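Below you'll find the structure, written out as structure tokens, and then a few comments.
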Amino acid sequence: MRSSGKNTVIKVMAACLTGIILIAGIGGFTYFVLEEKKERAFRDSVMLADELADDLEYEEAEDAWQEAIEIKKEESEPYIALAEIYLKENKIRDARKILDEAEQVVLEEELEELEEIENKYKLYAYAEEELIPKLGRTEEGEYS
């Protein structure tokens with residue numbers, strides 16, 4: 001009688017262990033599928049943003065970069081590209097804002113890239129906030 005009780009306990013434990021392994025496997029597979037879908041959506045947004053920026057469609061490119069940021073906040077690429085677009089459009093404050101946001105969420109190893117674009121921002125900001133108010137803007141044309 002005692003032997004059959006042990007067998008029942010062993011069978012229950014084996015069934016529980018099998019269930020746990022099965023649930024873990026399903027959970028891992030689901031996580032992998034969702035991460036793959038997220039990565040694909042991110043790459044699609046990046047490709048679209050690049051194409052739009054190449055075609056000088058900056059407003060649409062801004063939207064695509066923002067979408068990429070929403071998908072993967074920890075990636076530096078969308079922040080950098082968006083800041084560069086803002087600088088091209090002379091949206092200095094928007095560039096500063098997106099760089100500040102990036103510093104809060106981007107992975108540590110990618111901060112070096114952010115520092116590079118931040119140096120560009122500082123040059124634009126210096127020209128916009130210091131030089132132009134003091135010296136005025138120049139216009140395109142020939143000078144003698």
Side-chain angles (χ1 to χ4, degrees), residues 5-144:
K6 274 186 172 180
N7 286 342
T8 304
V9 169
I10 291 173
K11 287 179 182 177
V12 168
M13 288 176 61
C16 287
L17 184 59
T18 302
I20 290 170
I21 291 170
L22 185 61
I23 289 170
I26 291 170
F29 178 75
T30 303
Y31 175 80
F32 174 76
V33 168
L34 292 175
E35 282 300 307
E36 182 65 29
K37 186 177 180 181
K38 180 179 174 181
E39 182 64 30
R40 190 173 27 247
F42 176 77
R43 285 285 135 219
D44 288 347
S45 291
V46 167
M47 286 175 45
L48 176 61
D50 279 337
E51 288 174 15
L52 291 166
D54 288 344
D55 293 340
L56 305 178
E57 297 178 30
Y58 292 137
E59 287 186 26
E60 292 86 356
E62 288 174 25
D63 293 340
W65 284 121
Q66 287 287 2
E67 184 178 324
I69 288 170
E70 288 176 25
I71 295 169
K72 291 182 89 174
K73 290 185 183 333
E74 69 281 1
E75 291 285 332
S76 65
E77 181 182 5
Y79 294 99
I80 292 169
L82 187 53
E84 287 179 342
I85 287 174
Y86 287 148
L87 291 175
K88 287 177 185 176
E89 295 179 301
N90 208 27
K91 296 179 178 178
I92 307 300
R93 284 182 176 73
D94 289 340
R96 172 80 261 156
K97 183 179 173 187
I98 201 70
L99 291 172
D100 287 342
E101 183 181 329
E103 286 179 349
Q104 301 301 314
V105 295
V106 170
L107 299 174
E108 187 69 33
E109 60 269 10
E110 295 190 9
L111 286 178
E112 191 173 301
E113 288 181 65
L114 284 175
E115 289 173 9
E116 186 178 315
I117 190 68
E118 196 162 271
N119 288 334
K120 280 185 187 178
Y121 160 78
K122 287 176 184 174
L123 178 62
Y124 278 94
Y126 176 72
E128 190 69 25
E129 296 167 5
E130 299 290 328
L131 295 179
I132 292 172
K134 289 178 185 173
L135 304 174
R137 288 193 186 272
T138 59
E139 300 297 325
E140 285 185 36
E142 292 184 28
Y143 296 92
S144 49

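These figures come from a predicted structure and were not determined experimentally. Starting from 1, each residue takes its place in the sequence as its number. Both backbone and side-chain heavy atoms feed into the values below; hydrogens, waters and symmetry mates do not.
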Check whether any side-chain heavy atom of [X] sits under 4.5 Å from a side-chain heavy atom of [Y], and report yes or no.
X: I69; Y: E101; answer: yes
X: D63; Y: L52; answer: no
X: Y86; Y: R96; answer: no

(message) Quick check: closest heavy atoms across A95 and A83, and the distance to 0.1 Å?
(response) CB-O, 3.9 Å
(request) Would you name the heavy atoms of A49 and A64 that are closest together and state the gap between them? (result) CB-CB, 3.6 Å
Distance check, rounded to the nearest 0.5 Å: [X] atom [atom1] versus [Y] atom [atom2]?
X: R43; Y: K72; atom1: CZ; atom2: NZ; value: 7.0 Å
X: E77; Y: F42; atom1: CD; atom2: CZ; value: 5.5 Å
X: D94; Y: E62; atom1: CG; atom2: CD; value: 7.5 Å
X: I85; Y: E57; atom1: CD1; atom2: CD; value: 11.0 Å
X: E39; Y: E75; atom1: CD; atom2: CD; value: 7.0 Å
X: Y79; Y: K73; atom1: OH; atom2: NZ; value: 6.0 Å

